[in-house]
Amino acid sequence: MAREPSDQELMASLQRRDHQALALLYDRHARSVYSLALHILRDRAAAEDVTQEVFLQLWREPQRYLEERGPLGPWLLRVTRNRAIDLLRRSSRERWPARPDARGADLHVPDPSPGPDEHVWSVALATRVHEALGELSDAQRQVIELAYFRGLTQREMADALGLPLGTVKTRVRTALRRLAEILTRDGVWSDVS
Amino acid sequence: MERRQLTHEIASEELPAFALGALDAEDSAGMAEHLAECPFCREDLRQLDDVLGLLGTVVPQEAPSPGLRDRVLARVAAEAGVTRTADRPALRLLPRWAQAVLATAAALVLVLTGAVAMLLYGQWQIRRELDALRAEQGEIASILAQPAWWAPVTAEAGQGQPVVGRLYLQEGDTGVLVIDGLAPLVPGQVYQVWLIRADNTRVSAGVFTVDASQRATLIVTAPGTWTAYQGMGITIEPGPAGSPGPTGPRVAGCSLADWQSGGL
Ligand SMILES: [Zn+2]
């Protein structure tokens with residue numbers, strides 16, 4: 001059986017308007033895209049809308065990805081996260097900041113069994129990222145959770161957690177810097193592409 | 001207001017929060033300015049963005065419904081077939097600055113009584129961006145200054161959001177649709193404008209979205225001339241190209257019988 005085309009090769013086909021390339025990319029990445037949107041929005045229909053939008057945008061404007069360097073999977077998740085957070089903020093602006101669930105990070109290692117068409121990249125990586133998160137303090141994980149998955153600003157986090165803004169700023173800064181350090185130290189990037 | 005210039009040291013400290021989208025709007029704007037000038041911070045941001053991409057893997061995994069794959073691929077196939085016509089939009093969504101032009105026109109509207117005009121005027125803010133006006137300014141301004149007709153655009157009965165607007169027309173095929181109070185759409189949807197022929201068939205006049213202010217100001221070009229149509233309707237359709245015929249709920253519209261002759 002022939003080697004599977006890489007994401008980069010599929011993106012090149014996509015630019016030549018090859019539908020089949022989008023179908024393959026969808027099969028590879030839709031599950032992780034949908035799962036992230038669902039985790040943020042907690043609504044299946046909204047998560048499917050975001051997933052559809054992410055892949056249609058990839059089809060319509062592949063140059064948006066091609067202008068940036070790096071592997072496709074994490075890039076798609078970044079786009080997904082930003083869309084989902086936009087939607088979350090728009091739909092809950094009036095109620096925000098209700099008390100977000102500030103107890104602690106509810107970050108999970110995904111189900112290790114990938115779907116039949118699932119590329120294994122996200123599963124292998126999730127374990128690495130989860131381990132890296134484990135090296136952060138609870139307080140650091142909490143601000144990452146609230147900012148990344150709930151879309152809270154530093155000011156909103158300070159209100160929700162009853163902390164001085166300066167404390168939240170310090171936590172956000174040290175948490176993300178530390179996470180980047182650990183992932184680099186562990187050579188996670190060599191697993192991605 | 002003068003914004004403080006960020007030093008590289010401060011920018012570097014705030015970059016993680018910026019990457020997370022956790023800065024207030026004002027601070028974000030300051031960061032964006034600094035990033036435009038600082039290659040070190042741009043590279044730093046790129047690496048933080050990579051980390052944020054990886055972070056998205058750490059959630060419980062669940063597959064979307066199989067139907068979603070079919071829908072996405074069907075849309076792609078449909079778009080590939082209609083790209084030519086979609087590239088030739090009959091209707092353009094004007095940038096924000098165009099509202100400044102309309103605000104000037106709206107000041108004239110004020111001399112008329114009428115809730116529609118008052119409402120529209122009350123929600124427009126005159127902006128100091130006139131130096132940014134480009135070609136479309138003239139087109140909109142000329143239509144609004146001397147429209148041949150206008151028609152009130154009303155909400156469809158039974159729809160939740162009040163919709164008020166006007167369709168201003170010139171002889172021939174050009175008009176400006178000014179509409180207020182349309183609900184924000186979920187991702188992937190657009191509002192689509194339909195012109196209704198005498199035999200009740202619908203012709204698409206383009207698609208648009210509304211911003212958070214729920215306003216839109218657009219140039220509408222009728223295929224043929226306005227005299228071929230008895231009215232206009234707006235429906236919600238899948239984006240970005242809309243549908244070949246109306247499929248979604250009608251949210252607003254106007255009737256040819258309601259055309260009023262004359263200007264503002
Ligand atoms: Zn800098």
Side-chain angles (χ1 to χ4, degrees), chain A residues 17 19 22-23 26 30-32 34-36 38-39 46-53 55-56 59-60 69-70 73-75 77-78 80-83 85 87 90 107-111 115 122-123 125-126 129-130 133 144 147-148 151-155 157 169 172-173 176-177 179-180 183 188, chain B residues 12-28 43-44 46-81 83 86 183-189 211-212 238-241:
Chain A
R17 306 284 80 190
H19 297 189
L22 187 80
Y26 181 94
R31 185 175 154 108
S32 57
Y34 172 76
S35 297
L36 177 57
L38 181 62
H39 187 71
E48 291 203 345
D49 282 345
V50 169
T51 305
Q52 168 162 321
E53 212 192 339
F55 283 97
L56 286 179
W59 168 255
R60 287 171 197 143
R69 290 171 285 171
W75 183 84
L77 292 184
R78 201 150 50 78
T80 302
R81 185 264 175 183
N82 292 344
R83 298 247 169 177
I85 292 292
L87 198 60
R90 249 189 292 157
L107 301 167
H108 297 85
V109 177
D111 176 351
S122 65
V123 176
L125 273 177
V129 179
H130 188 79
L133 283 165
I144 288 201
Y148 188 83
L152 264 63
T153 64
Q154 294 183 129
R155 201 174 297 280
M157 283 189 269
K169 285 185 173 181
V172 167
R173 178 168 67 241
L176 194 55
R177 290 283 185 210
L179 192 61
L183 290 171
V188 74
Chain B
S12 180
E13 283 194 349
E14 291 192 348
L15 208 54
F18 178 81
L20 277 162
L23 290 178
D24 293 341
E26 172 84 2
D27 292 339
S28 280
E43 176 58 20
D44 193 9
R46 197 184 63 76
Q47 291 179 9
L48 289 172
D49 278 345
D50 286 344
V51 171
L52 295 180
L54 295 185
L55 199 50
T57 61
V58 190
V59 297
Q61 298 291 294
E62 185 177 321
S65 67
L68 181 64
R69 183 182 195 275
D70 299 339
R71 291 204 294 281
V72 169
L73 297 180
R75 291 291 302 284
V76 164
E79 280 183 25
T83 307
L185 295 164
V186 302
Q189 290 184 330
D211 61 12

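The chains referred to below are lettered A, B, ... by the order of the sequence lines, with proteins before strands, and numbering in each begins at 1.
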Inset, instruction - I would like to know whether Leu15(B) and Arg177(A) meet side chain to side chain contact (heavy atoms under 4.5 Å, CB included); could you show each step before the answer? - result: CA-CA 10 Å; Leu15(B) 208 54; Arg177(A) 290 283 185 210; 4.1 Å; yes
Inset, instruction - Identify, with sequence neighbours excluded, every residue that meets ring pair (Phe, Tyr, Trp, His ring centres under 6.0 Å) alongside Tyr34(A). - result: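 Tyr34(A) satisfies ring pair (Phe, Tyr, Trp, His ring centres under 6.0 Å) with no other residue.
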Measure the shortest side-chain to side-chain distance between [X] and [Y] over non-hydrogen atoms and say whether it is less than 4.5 angstrom.
{"X": "Leu23(B)", "Y": "Thr153(A)", "value": "no"}
{"X": "Arg31(A)", "Y": "Gln61(B)", "value": "yes"}
{"X": "Leu55(B)", "Y": "Leu133(A)", "value": "yes"}

Could you look at [X] and say if it's the side chain, the backbone, both or neither that has a heavy atom under 4.5 Å from chain B?
{"X": "Leu183(A)", "result": "side chain"}
{"X": "Arg173(A)", "result": "both"}
{"X": "Tyr148(A)", "result": "both"}

Which pair of non-hydrogen atoms, one from [X] and one from [Y], has the smallest distance, and what is that distance?
{"X": "Arg81(A)", "Y": "Leu20(B)", "answer": "NH2-O, 3.0 Å"}
{"X": "Leu52(B)", "Y": "Arg78(A)", "answer": "CB-CD, 4.3 Å"}
{"X": "Leu54(B)", "Y": "Pro74(A)", "answer": "CD2-CG, 3.9 Å"}
{"X": "Ser35(A)", "Y": "Pro60(B)", "answer": "CB-O, 3.4 Å"}

Legend entry - Electrostatic pair Glu48(A):Arg71(B) at N-O distance under 4.0 angstrom: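 Salt bridge present between Glu48(A) and Arg71(B).
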Inset, instruction - Evaluate side chain to side chain contact (heavy atoms under 4.5 Å, CB included) for Leu73(B) paired with His19(A), printing each intermediate quantity in order. - result: CA-CA 8 Å; Leu73(B) 297 180; His19(A) 297 189; over 6 Å; no
Inset, instruction - Would you mind telling me which of Gly67(B), Gly188(B), Ala63(B), Gly21(B) has the largest number of heavy-atom pairs within less than 4.5 Å of chain A? - result: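 Most heavy-atom pairs within the cutoff with chain A belong to Ala63(B).
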Legend entry - salt bridge (charged side-chain N to carboxylate O under 4.0 Å, His left out) partners for Arg155(A), two or more places apart: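 Arg155(A): salt bridge (charged side-chain N to carboxylate O under 4.0 Å, His left out) contacts with Asp24(B).
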Inset, instruction - With a 4.5 angstrom heavy-atom cut-off, could you sort out which part of Leu68(B) is near chain A: side chain, backbone, both or neither? - result: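 Looking at Leu68(B), backbone and side chain both touch chain A.
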Legend entry - Segment of Ser28(B) engaging chain A (4.5 angstrom heavy-atom cut-off):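 The answer is neither part of Ser28(B).
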Inset, instruction - Give the member of Met157(A), Arg60(A), Gln52(A), Lys169(A) that has the highest number of heavy-atom pairs under 4.5 Å with chain B. - result: Arg60(A)
